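Everything numeric in this text was worked out from a predicted model, so none of it was measured. In the text below, chain A, chain B and the rest are named by the order of the sequence lines, each starting its count at 1.
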There are 2 protein chains.
Amino acid sequence: MMIAPREHDSIDYNELATLKQLALDGGLGRPVHVSCSELSGKLGVSAQTVSRRLRELEETDHVSRQLVDDGQNVSITEKGESVLHGEYYEYRRLFAAGDEPTLAGTVTDGMGEGKHYISLDGYQRQFEARLGYEPFPGTLNVAVGDDTPHRDRLQTMADGVRIDEWSDEERTYGAATCYPVTVEAGEGEFSPAHILVPDRTHHDERIVEVIAPVELRAELAIDAGSEVILRVAE
Amino acid sequence: MMIAPREHDSIDYNELATLKQLALDGGLGRPVHVSCSELSGKLGVSAQTVSRRLRELEETDHVSRQLVDDGQNVSITEKGESVLHGEYYEYRRLFAAGDEPTLAGTVTDGMGEGKHYISLDGYQRQFEARLGYEPFPGTLNVAVGDDTPHRDRLQTMADGVRIDEWSDEERTYGAATCYPVTVEAGEGEFSPAHILVPDRTHHDERIVEVIAPVELRAELAIDAGSEVILRVAE
DNA sequence: ATTACTAATATACGAGTAC
DNA sequence: TGTACTCGTATATTAGTAA
């Protein structure tokens with residue numbers, strides 16, 4: 001049987017263990033000063049192996065390094081952090097199921113742009129087939145501001161549903177990913193709903209667009225300024 | 001340089017990945033039906049490798065297996081679950097720091113047994129050296145009832161401080177582990193405090209014993225029946 | 001279809017060494 | 001002290017095969 005070749009920028013579990021150790025040693029926010037022999041003890045492998053693993057992690061863009069006299073300063077890249085975070089969410093699903101991650105934000109007046117796009121037939125057909133409903137023609141725009149870091153981790157928090165790009169005679173319409181959420185507002189809540197993240201984001205990254213089979217503003221009696229919580233489904 | 005030999009019952013990261021996949025496939029509570037080729041696809045290795053890893057996991061007592069015609073039913077053992085849970089808590093420290101695990105319970109009248117033991121000099125010396133305080137001569141007994149599963153995971157939730165066994169002319173006194181906690185009661189809270197878990201547990205497993213440098217009942221104005229929360233330190 | 005064995009090979013590891 | 005080579009060896013992996 002043919003096994004898919006390892007991608008050149010992927011990570012194996014021993015490298016992941018090394019990356020996790022760097023994170024545990026404080027490497028997530030800032031660079032961390034380490035030496036191979038120090039990590040060697042913590043990981044239970046030789047210093048040579050640690051040296052090689054760190055070089056591999058650098059090669060695959062999971063860390064960046066700066067060699068100094070008494071060791072090296074290692075920074076975990078965004079890609080490295082994303083890998084660790086994905087791992088975290090897998091374990092989270094195992095042991096903290098039910099206590100789902102959330103995004104808190106404020107409803108804002110939309111720009112009317114999303115409305116036009118999601119009404120297009122090329123998108124509607126996919127929504128219906130892959131989300132199981134035909135979205136109300138309009139998006140609920142939620143300013144997630146401080147929760148932006150969470151927004152960036154949506155892809156590791158839930159299984160996104162892909163919407164493919166398509167074209168008509170005139171132009172091409174871009175692909176997007178939909179993340180399943182429950183929308184909470186005051187006492188009420190509604191699902192199914194999805195956060196719609198276009199591959200090429202059109203506007204402010206601190207705002208997410210939510211689609212649902214109903215008009216959420218009416219359904220939940222909310223309007224610009226209302227506080228809502230988007231609970232990410234598992 | 002000498003590297004410590006791998007212990008015969010330890011787990012390497014590739015086996016851990018396999019174990020995690022079994023858990024994600026629903027193997028935590030109950031046995032899960034899998035086949036090597038099915039796991040092969042999910043793990044990106046050959047079916048032969050999966051077969052070997054499953055046998056290794058069985059060998060090291062992380063799973064138990066039952067071969068059937070169309071695959072095998074795999075159960076993750078307590079040991080296997082503990083390994084996964086430990087991994088979960090490491091990632092949790094990375095991404096959910098601050099939001100610490102807790103044990104909720106009710107203060108119960110102690111049996112006066114703990115009091116006698118912790119006052120003994122052989123223990124006191126260790127407490128002072130390793131916990132940084134001399135415990136008040138008496139334990140706060142907390143019935144954790146429903147949180148018993150959490151109790152069993154104390155060792156993966158925090159770094160326990162070991163208290164060694166010792167003996168005098170007459171007998172040997174057993175070893176124990178202390179887990180750092182903050183005790184919350186009503187508006188007040190106190191730390192440092194530790195949950196004391198004897199290696200050979202003397203009494204009801206649904207009760208944990210808490211020690212602190214002060215008399216917690218007086219300090220927090222609590223008594224039998226009071227609700228307390230033990231917040232496990234990271 | 002399975003699982004598991006054997007044997008060939010690919011990969012990872014650590015000792016020794018250089019800088 | 002560091003890191004990072006080379007290189008012989010140990011380990012892990014897969015192909016092929018058997019049951």
Any Lys/Arg nitrogen of A:D164 or A:R130 sitting under 4.0 Å from an Asp/Glu carboxylate oxygen of the other? yes
Can you measure B:L67 atom CG to C:dA1 atom P for me and round it to whole angstrom units? 18 Å
For a quick check under 3.5 Å, do A:S167 and A:R171 share a side-chain donor-acceptor pair by atom type? no
Taking D:dT3, C:dC13, D:dT13 as options, the one with an atom nearest any side-chain atom of A:Q72 is D:dT3
Side chain to side chain contact (heavy atoms under 4.5 Å, CB included) partners of A:E184, counting only residues at least two apart: A:E189, A:I229, A:R231
Note: A:L43 and A:A17 closest approach over all heavy atoms is CD2-O, 3.8 Å
Under-4.0 Å side-chain N/O to phosphate OP1/OP2 contact, B:N14 with D:dT11: no
Atom CG of A:L16 to atom P of C:dA12: distance rounded to whole Å? 15 Å
Separation of atom CD in A:E15 from atom P in C:dC13, rounded to whole Å: 9 Å
Would you say a side-chain N or O of A:S51 is under 4.0 Å from OP1 or OP2 of D:dA4? yes
When you measure from the side-chain N and O atoms of B:S37 to the phosphate of C:dT2, is any distance below 4.0 Å, counting only OP1 and OP2? yes
Looking for any heavy atom pair under 4.0 Å, which part of the strands does A:R55 touch: base, sugar-phosphate only, or nothing? sugar-phosphate
B:Q48 or A:R65: which one's nearest nucleotide on DNA chain D is closer to the 5' end? A:R65
B:D69 CG to D:dA19 P, in whole Å, measures 18 Å
Is there a donor in the side chain of B:S40 and an acceptor in the side chain of B:S37, or the other way round, less than 3.5 Å apart? no
Atom-to-atom span, CZ of B:R53 to P of D:dT11 - whole angstrom: 17 Å
Determine the contact category for A:S35: base if any of its heavy atoms lies under 4.0 Å from a base atom, sugar-phosphate if only primed atoms, P, OP1 or OP2 are that close, otherwise nothing. sugar-phosphate
Starting at atom CG of A:D12, determine the distance to atom P of C:dT11, rounded to an integer number of angstrom. 12 Å
Walk me through it: do B:D25 and B:K20 pass the test salt bridge (Lys or Arg N to Asp or Glu O under 4.0 Å)? CA-CA 9 Å; B:D25 286 346; B:K20 185 185 69 172; over 6 Å; no
Rounding to the nearest 10°, end axes of the helix from C:dT2-D:dA19 to C:dC19-D:dG2 built from five pairs each make an angle of 40°
Is the distance from OP1 or OP2 of C:dG14 to the nearest side-chain N or O of A:T49 less than 4.0 Å? yes
Under the salt bridge (Lys or Arg N to Asp or Glu O under 4.0 Å) test, which residues partner A:R52, sequence neighbours left out? A:E56
So, OP1 or OP2 of D:dA12: does either fall under 4.0 Å of a side-chain N or O from B:R52? no
Distance check needed: C:dT2 P versus B:Q66 CD, whole Å only. 18 Å
Output the rounded distance in Å from CD (A:E38) to P (D:dT1). 14 Å
